Amino acid sequence: MKKLINDVEKVVAESLSGLAKAHADMVKLHPSVRAVLRADSPREKVAVISGGGSGHEPMHGGYVGFGMLDAACPGEVFTSPTPDQMYEAAKVVDGGKGILFIVKNYTGDIMNFQMAADMLAAEGIHVEQVVINDDVAVEDSLYTAGRRGVGGTVLAEKIVGAKAEEGGTLEEVKRMCEHVNANVRSMGMALSPCTVPAAGKPTFELGPDEMEIGIGIHGEPGRHRMKIKPAREIVEMLTSAIVEDLPFKAGDEVLAFVNGMGGTPLSELYIVYNDLSDFLGKKGIKIARSLVGDYITSLEMQGCSITLLRLDDEMKRLWDAPVCTPGLRWGM
Amino acid sequence: MKKLINDVEKVVAESLSGLAKAHADMVKLHPSVRAVLRADSPREKVAVISGGGSGHEPMHGGYVGFGMLDAACPGEVFTSPTPDQMYEAAKVVDGGKGILFIVKNYTGDIMNFQMAADMLAAEGIHVEQVVINDDVAVEDSLYTAGRRGVGGTVLAEKIVGAKAEEGGTLEEVKRMCEHVNANVRSMGMALSPCTVPAAGKPTFELGPDEMEIGIGIHGEPGRHRMKIKPAREIVEMLTSAIVEDLPFKAGDEVLAFVNGMGGTPLSELYIVYNDLSDFLGKKGIKIARSLVGDYITSLEMQGCSITLLRLDDEMKRLWDAPVCTPGLRWGM
Amino acid sequence: MDNEKLDVNTTIAILERIKDIIEANKDYLTELDSAIGDADHGINMNRGFSKAIEKVRNNQYFDIGSIFKDVAMSLMSTVGGAAGPLYGTFFMRASMKLAGHKEADLTLLAQAFREGLNGVIALGKAQPGDKTMVDALIPAIDALETAAKEGSSLKDGLAKALAMAEKGMKDTIPLVAKKGRASYLGERSAGHQDPGATSSYLILKAFYEALEN
Amino acid sequence: MDNEKLDVNTTIAILERIKDIIEANKDYLTELDSAIGDADHGINMNRGFSKAIEKVRNNQYFDIGSIFKDVAMSLMSTVGGAAGPLYGTFFMRASMKLAGHKEADLTLLAQAFREGLNGVIALGKAQPGDKTMVDALIPAIDALETAAKEGSSLKDGLAKALAMAEKGMKDTIPLVAKKGRASYLGERSAGHQDPGATSSYLILKAFYEALEN
Ligand SMILES: Nc1ncnc2c1ncn2[C@@H]1O[C@H](COP(=O)(O)OP(=O)(O)O)[C@@H](O)[C@H]1O
Ligand SMILES: Nc1ncnc2c1ncn2[C@@H]1O[C@H](COP(=O)(O)OP(=O)(O)O)[C@@H](O)[C@H]1O
Ligand SMILES: [Mg+2]
Ligand SMILES: [Mg+2]
Ligand SMILES: [Mg+2]
Ligand SMILES: [Mg+2]
C-alpha cells in the first residue's frame with residue numbers, strides 16, 4: 001500500500017486538520033467531536049448537515065461554507081459517522097430555524113443519523129432528514145437496502161444549501177432536497193479498486209483488462225465485471241441505464257455531472273464528458289449546466305460516475321447561486 | 001493500460017473538446033490549430049499565453065479565462081506544442097498591447113515558443129517571454145538544460161494574469177512574471193509512475209515499497225529512489241530543499257501550494273498540507289495564502305509536489321483578485 | 001469469579017476476551033467484508049471493543065447492567081457503520097434487562113440477549129435469511145432460551161448457543177444478501193460468509209471461552 | 001532513380017524509407033526515451049514523418065530543396081518536443097542549400113547536412129558529449145565530408161557516415177546528459193543510449209538503405 005500518510009489510525013484526523021488549516025476562512029473543526037463547521041456559523045437560517053464515511057473527499061467536509069453545508073460529520077474511511085458527531089455538530093450550527101440532515105442511503109448512515117435525530121428531538125431541536133438514493137446500479141426494492149446515495153448527493157447539497165441560504169424554511173428546504181433526489185440518477189464504474197488505509201490491501205481485485213460496472217463509492221465491488229471498453233461505450237452503458245430509469249426525455253434540460261473516483265486524470269473525465277455530450281445530444285436531452293471533476297471519490301480508485309439531474313428554473317437559479325466552500329466555489 | 005479513452009491518437013483532441021463543451025462560458029477552441037482561447041477575447045490588454053505538453057490538466061487549458069490566461073497551447077501528451085499553435089493563438093488574442101509567453105523551462109518548450117515569437121515579431125507583434133524554472137530537484141548550471149518549470153507556473157499564471165487583467169503594460173506584466181519566478185521554488189515526488197497513452201506502459205518502474213524523489217511532471221524519473229516514508233518525512237525532505245534554496249527565512253510570508261500529481265486522493269494532500277504547515281511553523285515561516293489540490297499533474301501518477309512562493313503585498317493582492325477559469329475560480 | 005453466574009468480574013473477563021478475539025480476527029473480518037462489503041468490519045469492531053474495554057477498565061461497577069451500558073455507549077460512539085448502532089443497541093437493550101443485577105444466571109442472560117436481539121431487529125429490520133448478524137444471533141439466542149428452560153448450566157447453555165451461532169454463521173454462505181451493503185451485489189453476494197454474522201459468533205465464543213477458564 | 005545522385009525520385013524513396021524505419025522503431029525509440037526522458041520520442045518522430053511523407057506524396061517537385069523544405073515544415077508543426085524544432089531546423093537549413101537543385105551529389109549533400117547540423121547546434125546549443133543527437137550527427141557528417149573529398153561514391157559515403165553515426169550513437173551510452181530532459185537525471189542518465197542520437201542514426205540508415213536498392 002502506497003499512500004501519503006503518517007499513520008493509518010490518523011488519516012482522517014490529520015486530513016481534517018489540513019483541510020481546516022488550508023481553509024480557515026471558510027471552515028473550522030468542532031472542538032470535541034469530529035465535525036467540520038462553517039467558520040461563521042451559527043446564523044439565522046435552516047442549518048444543513050451532511051456526513052458519511054471518509055474517503056470521498058472533497059465530500060462532505062469540502063462542501064462546508066457559504067451556500068452549501070453548515071456542518072459535515074466524517075466517519076472513519078468508508079464507515080458511517082456516529083450519532084454523537086451529528087448531535088454535537090447540530091448543537092453548534094443550529095440557528096433556531098431547524099436542521100436538515102442530508103443522508104446517503106446506506107444502512108449505517110441511516111441508523112446513525114436517525115439516532116442523532118432522536119437525541120436532538122429529545123432536546124426540542126427540529127430535525128428533518130432526506131435520504132439520497134440516486135444509484136441506478138442497485139436494484140430497488142422494499143425488501144432490500146435499496147439504492148445507494150452517490151453523485152446526486154453533491155448536487156443536492158449545493159442546491160439545498162442555496163435554498164437554506166436564501167432563507168427557505170425547514171419545510172421548503174426539505175422539499176427542495178426531496179425534489180432534487182426525485183430528479184437525479186447516477187451510475188459509476190471502476191478501472192481499479194482502492195485500498196482502505198487500515199485494511200492495507202485493495203477492496204477487490206480486477207484483472208489488467210477488466211473493469212467493474214455499477215460500482216459504489218465505498219470500494220465495494222459493482223454488479224458486472226467485463227473487459228475494458230472505449231470511453232464512448234462505457235458512457236453509453238452508464239447513461240442508458242440512467243436515462244431509462246427516470247426516464248429522462250427529449251427536451252429535458254439537465255445538469256450533466258462527470259465525476260472522477262479519485263485516481264482518474266481530469267483529461268479523461270473531459271473525454272467522458274465529450275462522449276456524454278454527444279450521447280445526450282442524440283437523445284435530444286439538453287445540457288444546461290455541467291460539472292466535471294473529482295467531487296465524490298473513492299480514495300485513489302480509477303474510474304468515473306455519471307450523474308444527470310433534470311433541472312427546472314428554480315434548481316437552475318439555486319445551482320447558479322454563489323457558493324464558497326473548499327470544494328465548490330463560484331459567485332464570490 | 002487502463003484509461004477512460006477512445007483512441008490513443010485522439011486523447012488530446014477529445015479531452016479539449018470536452019473541456020470546451022463543459023465550459024463554453026469561459027473558453028472556446030481555436031478553429032484551426034490546437035489552442036484554448038478565452039471565450040471573450042480579444043480585449044484591450046496584454047495577452048498572456050502559455051502552453052506545453054498535455055497530461056498536466058487542468059494546466060494550461062483549464063487556466064484560460066478572466067484574470068488568468070488568454071490562450072493555452074497544448075501539445076501532445078508530454079510533448080511541447082509546435083510554433084504554429086502559439087503563432088495562430090497569439091493572432092486571435094492579441095489586443096494590441098503586446099503578448100507575454102509564459103514558458104516552462106524545457107528544451108522543447110523553449111525552442112518552440114522561441115520560433116513562434118520570431119514568427120510573430122516578423123509581423124510586428126510585440127512578444128515577450130518569461131521562462132519559469134522553479135524545480136529545486138534539478139541542479140542548475142549554465143552548461144545543462146537548467147531547472148524545470150513546475151508548480152510555480154500555476155502561481156505565475158494566476159498572478160500575472162491578474163496583473164494583465166488590471167491593465168498592466170507588457171513591461172509590467174513581464175516584470176511581475178519574473179518577480180514571481182524569482183520568489184518561487186518547488187519539488188515533487190512520486191509513489192507511482194504514469195503511462196503515456198500512446199506508449200502504453202509506465203514511464204518507469206517503482207517497487208511496491210519505493211518512491212521517487214525529485215520527480216518532474218513528465219513521468220521522467222526523479223533523482224533519488226528510496227524506501228517509502230511517512231508523509232511527514234517526505235514533506236521535510238521536499239520542503240527543506242525548497243526553503244534552503246531561495247532561501248526562505250523566518251518572518252517570510254508565503255503562499256503554500258500542495259499539488260497532487262493526478263492519482264493522489266485529496267485527503268492525502270490535506271495530510272501533506274497539515275505536515276507542511278507544522279514544518280513551516282517551526283521555521284517561523286508564515287503561510288499567508290494556500291492552495292491544495294490537483295493543479296499541475298502527470299496523468300494518473302500518484303504523488304505530490306510542494307511549492308512555496310514568497311509573497312509581497314502586490315502579489316497577495318493579485319492572487320486574491322477575481323479569477324474565473326475552469327480550473328481556478330474565485331471572486332466571481 | 002463464578003462460572004455458574006455472570007458477576008461483575010466474569011463480565012469484565014468476558015469483555016477482555018471479546019476484545020482479544022476481535023483483535024485476533026480483525027483482518028479476517030475485514031477480509032470477509034471486502035468480499036461483499038467495504039472492507040471495514042474488522043477495523044470498526046476492533047476500534048469499538050478496544051474503546052469499550054478501556055472505558056470498562058477505568059470504571060468501578062456494582063452491577064453488570066452498567067457494564068453492558070458502558071459497552072453500548074462506547075460501541076455506539078466509536079464503531080460507526082451499520083455494526084455500530086446495531087451492536088450498540090444490542091448491548092443497550094440487554095443492559096436495561098440487567099440493570100441493578102449484581103449477577104445473572106442463564107435465564108436472565110437469555111432474557112437480556114433476547115431483548116438485545118429484538119432491538120437489533122427493530123432497528124435494522126433484517127429478516128432471518130437476509131444474510132446479516134441476525135442469522136447467527138437468532139438460532140443462538142433460541143438455543144440459549146431452550147437451555148435455560150431445560151435447566152442447563154450457564155456454560156452448557158453458552159456452548160449450545162455457540163454451536164447454533166456457528167451453524168447460523170456458516171449458513172449465511174449460500175444466501176443472497178437482502179440488507180446492508182452486501183445487498184448491492186445481488187446474486188454475487190452468494191458464496192461468501194457474512195461478516196456481521198461472523199462477529200456475532202466470535203462475541204458468543206468469547207462469552208463461552210471466558211467462562212471455560 | 002539514380003543511385004549516384006540524389007534526384008527527386010530518390011529523395012522521395014528515402015523519405016518513404018525513413019518513415020518505415022521510424023515506424024518500425026517507434027516503440028524502441030520511445031523505450032529509450034522512457035529510460036532517461038518522457039517516453040515520447042518514438043511517438044513524436046513517427047507522427048512527424050507520417051505527416052511529412054503524406055505531404056510529400058501529395059505534391060509535385062521539381063527540385064530536391066523543396067522536398068526537404070516540406071519535410072522541415074511538417075516536422076516543425078507536428079513533432080513538438082525538443083526533436084521537432086531540431087529536426088525541423090536540420091531539414092530547413094539543408095533545404096536552403098539544396099534549393100533549386102534537381103539533384104545532389106555527395107559533395108552537395110555533405111554541404112547541405114553540414115548546414116543542417118550547424119542549425120541544430122545553433123538552436124540547441126549542445127556540445128559534443130552532451131548526449132544528444134549531435135553526438136551521432138557530428139561524426140557522421142564529418143565522415144560524409146571526408147568521403148566527398150576522397151571522391152567516394154554517394155553510396156560509399158553514406159555507408160561511412162552511417163558507420164560513424166552508429167558509433168556516435170553507441171558512444172552516448174556511458175555519457176552523462178548535459179542537455180534535454182535526460183540532463184535532469186544527472187549521473188543516472190549514464191548507461192542509456194540517447195534516443196535522439198538513435199533517431200539520427202536511423203534517418204541516416206534510411207538514406208543508405210534506400211540508395212542500396
Ligand atoms: N439491516 C441490518 N440488520 C442487521 N444487520 C445488518 C444490517 N445491515 C448490515 N448488517 C450487518 O452489518 C455487517 C456489516 O457491518 P460493517 O461492515 O461494520 O458496516 P458497514 O456495512 O456500514 O460498513 C453486515 O455483515 C451485516 O451482518
Ligand atoms: N539542446 C539539444 N540539442 C540537441 N539535441 C537535443 C537537445 N535537447 C534534446 N535533444 C535531443 O532530443 C531528444 C529528445 O527528443 P524528444 O523526446 O522528442 O523531445 P522531449 O525531450 O521534448 O520529449 C534527446 O534524446 C536528444 O537527442
Ligand atoms: Mg463501512
Ligand atoms: Mg516530450
Ligand atoms: Mg463494512
Ligand atoms: Mg521525449
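Predicted model only: the values in this text are computed from it and were never measured. We name chains A, B, ... by the order of the sequence lines, and we start the count at 1 in each one.
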Measure the shortest side-chain to side-chain distance between [X] and [Y] over non-hydrogen atoms and say whether it is less than 4.5 angstrom.
| X | Y | answer |
| --- | --- | --- |
| Pro58(B) | Tyr270(A) | no |
| Leu266(A) | Thr297(B) | no |
| Asn6(A) | Asp275(B) | yes |
| Met189(A) | Leu4(B) | yes |

Select, from [options], the one with the greatest count of heavy-atom pairs under 4.5 Å involving chain A.
| options | result |
| --- | --- |
| Ser267(B), Gly327(B), Ser54(B) | Ser267(B) |
| Met301(B), His56(B), Glu210(B), Met211(B) | Glu210(B) |
| Glu57(B), Glu268(B), Lys3(B) | Glu268(B) |

When rounded to the nearest 0.5 angstrom, what is the spacing between CD1 in Ile271(A) and CG in Asp7(B)? 9.5 Å
Segment of Val11(B) engaging chain A (4.5 angstrom heavy-atom cut-off): both
Under 4.5 Å from any heavy atom of chain A, what part of Leu206(B) do you find: side chain, backbone, both or neither? both
Above 12 or not: heavy atoms from other molecules or residues under 6.0 Å from [atom1] of [X]?
| X | atom1 | result |
| --- | --- | --- |
| Lys316(B) | NZ | yes |
| Glu9(B) | CD | no |
| Lys283(A) | NZ | no |

Against chain A, residues from residues 14-26 of chain B with at least one heavy atom under 4.5 Å, in numeric order, are Glu14(B), Ser15(B), Ser17(B), Gly18(B), Leu19(B), Lys21(B), Ala22(B), His23(B)
I'd like to verify something: which residue of Ala231(A), Ser290(A), Ala13(A) has the highest number of heavy-atom pairs under 4.5 Å with chain B? Ala231(A)
From the list Leu291(A), Leu269(A), Val258(A), Leu299(A), the residue making the most non-hydrogen contacts under 4.5 Å with chain B is Leu299(A)
Would you check if the side chain of Lys2(B) reaches a backbone N or O of Gln302(A) as a donor-acceptor pair within less than 3.5 Å? no
Run the numbers on Glu300(A) and Thr264(B) for side-chain contact (heavy atoms from CB on, under 4.5 Å), then give the verdict. CA-CA 6 Å; Glu300(A) 76 283 9; Thr264(B) 307; over 6 Å; no
Sequence neighbours left out, what pairs pass side-chain hydrogen bond (donor to acceptor under 3.5 Å, both in side chains) with at least one residue falling in residues 320-329 of chain B? Arg289(B)-Asp320(B)
Could you tell me which portion of Ile228(A) (side chain, backbone, both or neither) has an atom closer than 4.5 angstrom to a non-hydrogen atom of chain B? side chain
